[in-house]
Amino acid sequence: SWCPAPLCRQPARLGPSPGPACAGGPPLRWASSFSQPGPTESDPSEGQVFLSESCVKRLLEITEGSEFLRLEVEGGGCSGFQYKFSLDTVINPDDRQGAVFEQGGARVVVDVDSLAFVKGSMVDFSQELIRSSFQVVSNPQAEKGCSCGTSFSVKL
């Protein structure tokens, strides 16, 4: 059987689970698939969202045709805001004001409201023994994150 989370698309594991399938992850950290930090605040590309090599590779494996990864920021989580990832095929009007970020044929779409919370960040794909997930790492807009890696608070 397949994992119910659409982004991991891996066989489900039998036995006790530490939480929802493919959810969570380690604290915000640099992934081993890249070595350079995102841009500094004075960098003109600070409105960008960057994709790590592992993110590009995984997206190319799981997306078909016009599919892309949608990154949204919602209120909630243990730190105030949380990242939400989904696969999508429709570009909405507020996405056009936000941005479509493409690297190596992989695409990530961020709506205009969410972009304010993740500009300058990197999207990574982390694969560990008990879970795999897309994560936002090195978010210059985040003051702190929770241990699951999906929730954060913003700098004031």
Side-chain angles (χ1 to χ4, degrees), residues 2-13 20-74 77 81-142 145-152 154-155:
W2 286 95
C3 175
L7 297 180
C8 97
R9 293 189 183 168
Q10 295 181 8
R13 301 187 194 283
C22 306
L28 295 178
R29 62 173 173 75
W30 286 105
S32 60
S33 59
F34 56 91
S35 59
Q36 296 296 321
T40 63
E41 288 187 30
S42 61
D43 193 319
S45 65
E46 76 172 356
Q48 296 287 312
V49 172
F50 303 93
L51 311 181
S52 71
E53 291 176 26
S54 62
C55 175
V56 170
K57 180 181 176 192
R58 186 63 179 154
L59 281 174
L60 293 175
E61 291 171 354
I62 66 172
T63 57
E64 298 174 0
S66 62
E67 278 185 311
F68 54 84
L69 182 67
R70 176 175 296 283
L71 167 57
E72 297 174 281
V73 174
E74 298 178 335
F81 293 94
Q82 59 190 0
Y83 304 111
K84 179 182 174 188
F85 292 99
S86 60
L87 292 180
D88 202 347
T89 58
V90 178
I91 303 288
N92 299 320
D94 61 338
D95 296 332
R96 287 187 175 85
Q97 295 171 355
V100 176
F101 302 99
E102 185 168 332
Q103 183 177 322
R107 295 186 302 159
V108 174
V109 173
V110 183
D111 63 84
V112 67
D113 293 332
S114 297
L115 185 58
F117 294 100
V118 296
K119 62 185 179 181
S121 298
M122 181 165 293
V123 178
D124 185 38
F125 180 75
S126 174
Q127 190 162 5
E128 300 172 9
L129 289 175
I130 60 172
R131 71 180 64 112
S132 58
S133 63
F134 287 99
Q135 300 177 331
V136 174
V137 294
S138 179
N139 183 349
Q141 311 310 315
C146 67
S147 62
C148 67
T150 61
S151 179
F152 67 102
V154 294
K155 292 180 181 176

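All figures in this text were calculated on a predicted structure; none of them were measured in a lab.
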I need the [X] [atom1] to [Y] [atom2] distance, nearest 0.5 Å.
X: F85; Y: L69; atom1: CZ; atom2: CG; result: 6.0 Å
X: C55; Y: Q135; atom1: SG; atom2: CD; result: 10.5 Å
X: S121; Y: Q48; atom1: OG; atom2: CD; result: 11.5 Å
X: F134; Y: I62; atom1: CZ; atom2: CD1; result: 4.0 Å

Donor-acceptor list for residues 102-112 side chains, cut-off 3.5 Å, not counting sequence neighbours:
residue	atom	partner	partner atom	Å
Q103	NE2	L51	O	3.2
R107	NH2	S66	O	2.8
D111	OD1	D113	N	3.1
D111	OD1	S114	N	2.9
D111	OD1	S114	OG	3.3
D111	OD2	S114	OG	3.0

(message) Treating R70 as the side-chain partner and V90 as the backbone partner, does any N or O pair qualify as donor plus acceptor under 3.5 Å?
(response)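 Flag set: sc R70 to bb V90 pair under 3.5 Å.
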
(request) Please check if the side chain of D124 supplies one atom and the backbone of S54 the other of a donor-acceptor pair under 3.5 Å. (result)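 No; judged by distance alone, with no hydrogens or angles, the pair does not exist.
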
(request) Using a 4.5 Å cut-off on heavy atoms from C-beta on, say whether the side chain of V49 contacts that of L115. (result)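 When only atoms from C-beta onward are counted, V49 and L115 do touch, with a gap below 4.5 Å.
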
(message) When you compare the side chain of Y83 with that of V73, does any pair of heavy atoms fall below 4.5 Å?
(response)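 Yes, close enough: below the 4.5 Å cut-off.
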
(message) My understanding is that only one of L87, L59, T63, I91 makes a side-chain contact (heavy atoms from CB on, under 4.5 Å) with F68; could you say which?
(response)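 Between F68 and the candidates, side-chain contact (heavy atoms from CB on, under 4.5 Å) is satisfied uniquely by I91.
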
(message) I need the minimum non-hydrogen distance between A116 and Q141, along with the two atoms involved.
(response)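 Heavy atoms only, the tightest pair is O-CG, 3.7 Å.
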
(request) Please name the pair of heavy atoms, one in K119 and one in G47, separated by the smallest distance, quoted to 0.1 Å. (result)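 It is CB-CA, 3.8 Å.
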
(request) With sequence neighbours excluded, tell me which residues meet side-chain contact (heavy atoms from CB on, under 4.5 Å) with K84. (result)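 Partners of K84 by the side-chain contact (heavy atoms from CB on, under 4.5 Å) criterion, ordered by chain and then number, come out as E72, E74.
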
